[in-house]
Amino acid sequence: MAETELEKPSAAGTDASSPRLDFIRELIEEHNRIGRFGQRVHTRFPPEPNGYLHLGHAKSICLNFGLALEYGGKANMRFDDTNPVKEEQEYVDNILADVRWLGFDWEDRLFYASDYFDQLYQWAIQLIKMGKAYVDDLTADQIREYRGTLTQPGKDSPFRNRSVEENLALFEQMKNGDFPDGSRVLRARIDMASPNINLRDPVLYRILHAEHHRTGDKWCIYPMYDWAHGQSDSLEGITHSICTLEFEDHRPLYEWFIDTLGIHKPQQIEFARLNLTRTVMSKRKLIKLVQDNYVRGWDDPRMPTISGARRRGYPPAAIREFVSATGVAKSNGTVEYAMLEYYIRQDLNKTSPRVMAVIKPLKVVITNYPEGQVEEFDAVNNPEDPSAGTRKVPFSKVLYIEQDDFMENPPNKFFRLAPGREVRLRYAYFIKCENVVKDADGNVTEVHCTYDPTTRGGDAPDGRKVKATIHWVSAAHAVQSEVRLYESLYTVENPNDLPEGKEFTDFINPNSLQVVSNAQVEPSLKTAQAGQRFQFERLGYYCVDPDTTTSQLVFNRTVTLKDEWAKVQKNG
RNA sequence: UGGGGAGUCGCCAAGCGGCAAGGCUCCGGACUUUGGAUCCGGCAUUCGUAGGUUCGAAUCCUACCUCCCCAGCCA
């Protein structure tokens, strides 16, 4: 990842102009006011290393690390690695890289729930000794039956009243690997009739003879997430444990653990996760897209993963701005993808060098331009940033323009090139279309124009105006490139809410990727490096794909420019 | 039909008893050597519904409706 992002988020940060606090910041300030945590703010981002991070995680990352920055606190990075059968080192490496790329720093505070396995084991023994945990021999199916339903209370397991000594001995044997997987579990002894199902004697440990990516074969019992999470927060001195809504009714359980163990109690706060239109974010579905080759990998630019966004050309600062603009609340909603794109464009407009590139070339011959002559014009690199300077762009008799910039029979509102019409070639001359050359099928293959030498630079001394300025590239100097054009991966607005019997993969957009192999770009791009972002003038933002080699440039379309003409066409 | 949450403009989202912020989208218009950017202007007499309290309610009370989450030895 040849990526240098100098802009880091800061406490003064993303939107200093917003004095309004969301409910989380309100709570934190209340805690600071009453001194609940001694003015301390300590958060954490706790992913499970069983997949890649996506835009939904980005919101949590920005919130947790952002809060720490804002309140002069700290944020930890912690992997909730309690299920060895699903977790892999590859995922931890990529998750770490993604968080870093987003601009956040956990300094020396990288932790793993597996760091706490010994402590967790001791606490389990403590619970057993208090008569608050027991080894259950029921099968998984039986446990489910005994648990009751949403409307009916559960009933006690016949093993619920074993002696402390027996529980201790059995639990020890579980740890020693004396029992096969699934044969027994350790359960908390709380209340089988609780209206909150999480409190009906939840499983604390299960037997799993599996190799863990960090602890190897040291353990054959592994703590459940519910047993590990709250205590991990507690051990790290977390003050504000921010998570998503579905954990709201786990909070009483976490607090029960912490209260009966008598250890530091963080404040858990739940917020609504980020959902996006035209996007699927569940890990299961993302894995399916990758495994069944609907996309080219986790970092496919069509994926909503952080690595996909990076490859697509989304700047990390834009993602942060977007996430911050969506706000923090408790109501479930789905943000329109257009809002994300707005923030991507807003960032790119200020930061991307402009360049001329023709994606669907149409040959133009300037009939009155001297054969063999080459001129160089100065082109502005970024009108939004004068310090970006200028560059030279070569011009000659044969050019390429965009097919979309020419129409033989133009409708009223079409301002671009057409027979008899004059337009400006950006930074160069006015040209007028004199006639066209067609192939056997009647398609225009070449446009013959004349140029007005007095319009050099782009203005006519006689003051005449032109309705359009189009981009171009000199055929003799152009660099042929591959350009990958992306559209939504789905044909429907909400691939998460489908008619009965339909799967999200039934609505994959067959045109989500269009590869153009003969795009022609200006020669200054010849040395562009993977990860660099540009605005192809009048088209959109593009970034150099890592597939680029010394002999072949490959660009990804990040997002198009807003297109007034497209709107005119669409609305008739 | 248990428990836990949520309902304010097409989409996010402020609002915390004094008379509906802001952003995105959308629609006008100005400007323009990117039909980009920028700039101006428009866009909820109404806050899930129905009652009630109050001089006054999106904000308080009552009832109802709708949506989301929970019955993994997943996280």
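Residue numbers begin at 1 in each chain, while the letters A, B, ... track the order of the sequences.
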* Under a 3.5 Å limit for both distances, which nucleotide forms a Watson-Crick or G-U wobble pair with B:U1, could you say? => none
* Asked: Is A:I143 touching bases, backbone alone, or none of the nucleic acid, heavy atoms closer than 4.0 Å?
  -> base
* Give the nucleotide from the list B:A71, B:G36, B:C26 with an atom nearest to the side chain of A:N349. => B:G36
* Asked: Would you call B:G72 syn or anti, using the 90° rule around 0?
  -> syn
* Structure fact -> By the Watson-Crick or G-U definition, both distances under 3.5 Å, B:U46 is matched with none
* Does a side-chain N-to-carboxylate-O contact under 4.0 Å join A:K86 and A:E48? -> no
* Does B:G7 have a Watson-Crick or wobble mate here (both distances under 3.5 Å), and if so which one? -> B:C65
* **Which nucleotide in B:G35, B:C24, B:A75 has an atom nearest any side-chain atom of A:F415** => B:G35
* B:G36 pairs with which nucleotide, Watson-Crick or G-U wobble, both distances below 3.5 Å? -> none
* Nucleotide paired to B:U54 in any strand shown, Watson-Crick or G-U, under 3.5 Å -> none
* A:K432, NZ: over 12 other non-hydrogen atoms inside 6.0 angstrom -> no
* To do: May I ask you to say what A:E384 touches in the nucleic acid, namely base, sugar-phosphate or nothing, with a heavy-atom cut-off under 4.0 Å?
  => base
* Asked: Given atom OH of A:Y342 and atom P of B:C26, what is their separation to the nearest angstrom?
  -> 12 Å
* Structure fact -> Only residue of A:F171, A:W227, A:Y222 satisfying ring pair (Phe, Tyr, Trp, His ring centres under 6.0 Å) with A:Y121 is A:F171
* To do: Kindly check if the number of other-residue, nucleotide or ligand heavy atoms within 6.0 Å of CG (A:N571) is above 12?
  => yes
